Amino acid sequence: MTPDSLKRLREWFRANAAELPWRPADLDALRDPYAVWISETMLQQTQVSTVKDYFIRWMKRFPDVETLAKADEAEVFKYWQGLGYYSRARNILKTAKIVAALCSASRMTGVRKMPETRKELEALPGIGAYTAGAILSLAYHQREAILDGNLVRIFSRLYELEFLPTEKNCAEIYWEYAREVADSPKAYMHNEALMELGRTVCKTKSPLCETCPLHKECRAFLDGRTAEFPPAKKRTEKSWHGTVLVVESADEKILAVNGGQKFLDKQLALPHFESARHATIALPAKAEDYINADEVESVEHCGTFRHSITVHKIECDVLHVRLSIKAKSAHLPKSTTFEWIEKAKALETFANSFSLKALKKIMDPLPDGRG
């Protein structure tokens, strides 16, 4: 991009920057690197409109890295519930503990407590090239490049790049364009302006090209090929069918598995396993990995639900399994870690929507039992 086009980009951004809870009114202000880190991590795979309320709630509960570092994983998951990709939340907590320990050891004070080099940041759990660049650029005003989906879309259209950075040996080409944009004292503004432009103008579908400050130099626009860029990402969806067990003891407690599950490893979840469709007439043999069949009083099929995790399209049958004995007397396999949750508190205890969808089938079932 030329100096003139970057100037037009800055002017457009100053006139059109949306009010966001993580964005200061003064667009030239340095920012709290902790807030930048949290907002940018939340924004991965998630729409801005969704993230706003999550960010506000998070910052009220965890206003700084020290407060977050003292939290346990269950509480962090509660504040993350609904954003999906729970590995992000787990990595945030890991990094917070590392950074808080470093701050304590060095007696660092003030808000600027995140590392200030790309190498240090990328060494932390969950912080990759994009997030590191965002922290260094937006919080510290360093001349550091970023490359997210918005910039990929803009660069692909500007230069008619008929490949994606995920393709072999292609990432560096996109990063070169990103570094070109960031090679300026105003790198922080260029980076954020391009993200805003991609979100509001250079959209995936129906881009508002006539209002774009860069349309006069956009090759795809000039050639009438905007809809062709960026090229479609090759994505293979995988179908998975399973059964979820809502096991209820005689004293109204719900059985939860802590880790060891296919999609929800290291999370508190309802027991689930792969199964054939409609294989729910009786208690499946696989259920005995979690309970003792001799202690089962009744089994009821409560419907199905659909769910998506990464590339997996999931459909699950829900079985409500009532035990004839109290939780403390149940004989559970020793190969898995279990917990008993009060039924009245179950909906507020599980932090993943997968388990919540299954629970709601027995607590608030649809009239016809459909998912």
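Note that the structure is a prediction, hence the values are computed from the model and not measured. Position 1 is the first residue of the sequence, and the numbers go up from there.
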Could you check whether any side-chain heavy atom of [X] comes within less than 4.5 Å of a side-chain heavy atom of [Y], counting everything from C-beta outward?
X      : Y      : value
Arg199 : Val48  : yes
Arg143 : Arg179 : no
Phe13  : Met189 : yes
Thr243 : Cys316 : no
Phe305 : Val244 : yes
Trp22  : Asp32  : no
Ser184 : His190 : yes
Val318 : Thr304 : no

Give a yes or no on whether [X] and [Y] share a hydrophobic cluster (residues Ile, Leu, Val, Met, Phe, Trp, Tyr; joining criterion: side-chain heavy atoms under 4.5 Å apart).
X      : Y      : answer
Phe338 : Leu319 : yes
Ile127 : Ile38  : yes
Met1   : Leu222 : no
Leu27  : Leu6   : yes
Leu20  : Ile135 : yes

Out of the candidates Glu300, Glu252, Glu295, only one should pair with Arg322 under the salt bridge (charged side-chain N to carboxylate O under 4.0 Å, His left out) rule; please name it.
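For Arg322, the salt bridge (charged side-chain N to carboxylate O under 4.0 Å, His left out) check succeeds only for Glu300.
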Check [Y] with [X], please: is the shortest side-chain N to carboxylate O separation under 4.0 Å?
X      : Y      : result
Glu217 : Arg8   : yes
Lys186 : Asp28  : yes
Glu192 : Arg31  : yes
Lys78  : Glu75  : no
Arg90  : Glu73  : yes
Lys286 : Asp289 : yes
Glu11  : Lys7   : yes

Worked check of side-chain hydrogen bond (donor to acceptor under 3.5 Å, both in side chains) between His331 and Asp294:
CA-CA 10 Å; His331 294 86; Asp294 293 336; over 6 Å; no
Donor-acceptor check, side chain of [X] to backbone of [Y], threshold 3.5 angstrom: yes or no?
X      : Y      : answer
Glu167 : Leu164 : yes
Ser353 : Leu356 : no
Ser249 : Lys253 : yes
Ser329 : Ile325 : no
Thr95  : Ile92  : no
Lys313 : Trp240 : no
Ser156 : Val152 : no
Arg157 : Phe229 : yes

Between [atom1] on residue [X] and [atom2] on residue [Y], distance to nearest 0.5 Å:
X      : Y      : atom1 : atom2 : result
Ser355 : Gln267 : OG    : CD    : 8.0 Å
Leu9   : Leu197 : CG    : CG    : 6.5 Å
Leu323 : Leu255 : CG    : CG    : 8.0 Å
Glu228 : Asp223 : CD    : CG    : 9.0 Å
Thr200 : Asn16  : OG1   : CG    : 7.0 Å

The test is side chain to side chain contact (heavy atoms under 4.5 Å, CB included); show your working for Tyr188 and Gln142 and say whether it passes.
CA-CA 7 Å; Tyr188 62 91; Gln142 295 183 23; over 6 Å; no
What verdict does the side-chain hydrogen bond (donor to acceptor under 3.5 Å, both in side chains) test give for Thr117 and Glu120, after you've listed the backbone C-alpha separation in whole Å, the side-chain angles of each residue and the deciding distance to 0.1 Å?
CA-CA 5 Å; Thr117 69; Glu120 290 175 296; 2.8 Å; yes
Determine whether more than 12 heavy atoms belonging to other residues, nucleotides or ligands lie under 6.0 Å from atom CD of Glu19.
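No - once you tally the heavy atoms of other residues, nucleotides and ligands closer than 6.0 Å, there are 12 at most.
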Looking only at heavy atoms, which two atoms of [X] and [Y] are closest? And how far apart?
X      : Y      : result
His215 : Phe221 : O-CD2, 3.3 Å
Lys203 : Ser206 : CE-O, 3.7 Å
Ala132 : Glu122 : CB-CG, 3.7 Å
Ala134 : Glu40  : CB-CG, 3.8 Å
Glu288 : Ala293 : CD-CB, 3.7 Å
Ala69  : Ala96  : CB-O, 3.6 Å

Centroid-centroid under 6.0 Å between His272 and Phe354 rings
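Between Phe354 and His272, which both carry aromatic rings, the centre distance is below 6.0 Å.
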Distance only, no hydrogens: is a donor on one side chain within 3.5 Å (strictly under) of an acceptor on the other, for Asp4 and Thr2?
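Judged by distance alone, the side chains do not pair up.
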With a 3.5 Å cut-off and no angle check, do the side chains of Thr131 and Gln44 form a donor-acceptor pair?
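Present: a donor and an acceptor within the cut-off.
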What do the steps show when you test Asn91 against Arg88 for side-chain hydrogen bond (donor to acceptor under 3.5 Å, both in side chains), and what is the final call?
CA-CA 5 Å; Asn91 283 330; Arg88 292 183 293 170; over 6 Å; no
Please walk me through it: do His320 and Glu248 pass side-chain hydrogen bond (donor to acceptor under 3.5 Å, both in side chains)?
CA-CA 7 Å; His320 187 189; Glu248 183 178 348; 2.7 Å; yes
Take the angle between the ring planes of Phe155 and Tyr174 and call it parallel below 30°, perpendicular above 60°, tilted in between.
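Rings of Phe155 and Tyr174: tilted, as their planes differ by 30° to 60°.
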Measure the acute angle between the ring planes of Phe77 and Tyr86, then classify it against the limits of 30° and 60° as parallel, tilted or perpendicular.
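Perpendicular.
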How far apart are the C-alpha atoms of Arg61 and Thr67, what are their side-chain angles, what is the distance that settles it, and do they pass the side chain to side chain contact (heavy atoms under 4.5 Å, CB included) test?
CA-CA 8 Å; Arg61 173 60 188 90; Thr67 303; 3.6 Å; yes
Is it the case that Arg57 places NZ or CZ above or below the six-membered ring of Tyr54, under 6.0 angstrom from the centre and within 45 degrees of the axis?
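Flagged: Arg57 positioned over aromatic ring of Tyr54.
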Run the numbers on Val257 and Thr337 for side chain to side chain contact (heavy atoms under 4.5 Å, CB included), then give the verdict.
CA-CA 6 Å; Val257 184; Thr337 304; over 6 Å; no
Using the rule given for side chain to side chain contact (heavy atoms under 4.5 Å, CB included), can you reason through Leu43 versus Asp148, listing the C-alpha separation, both sets of side-chain angles and the distance that settles it, and then say yes or no?
CA-CA 10 Å; Leu43 287 164; Asp148 74 342; over 6 Å; no
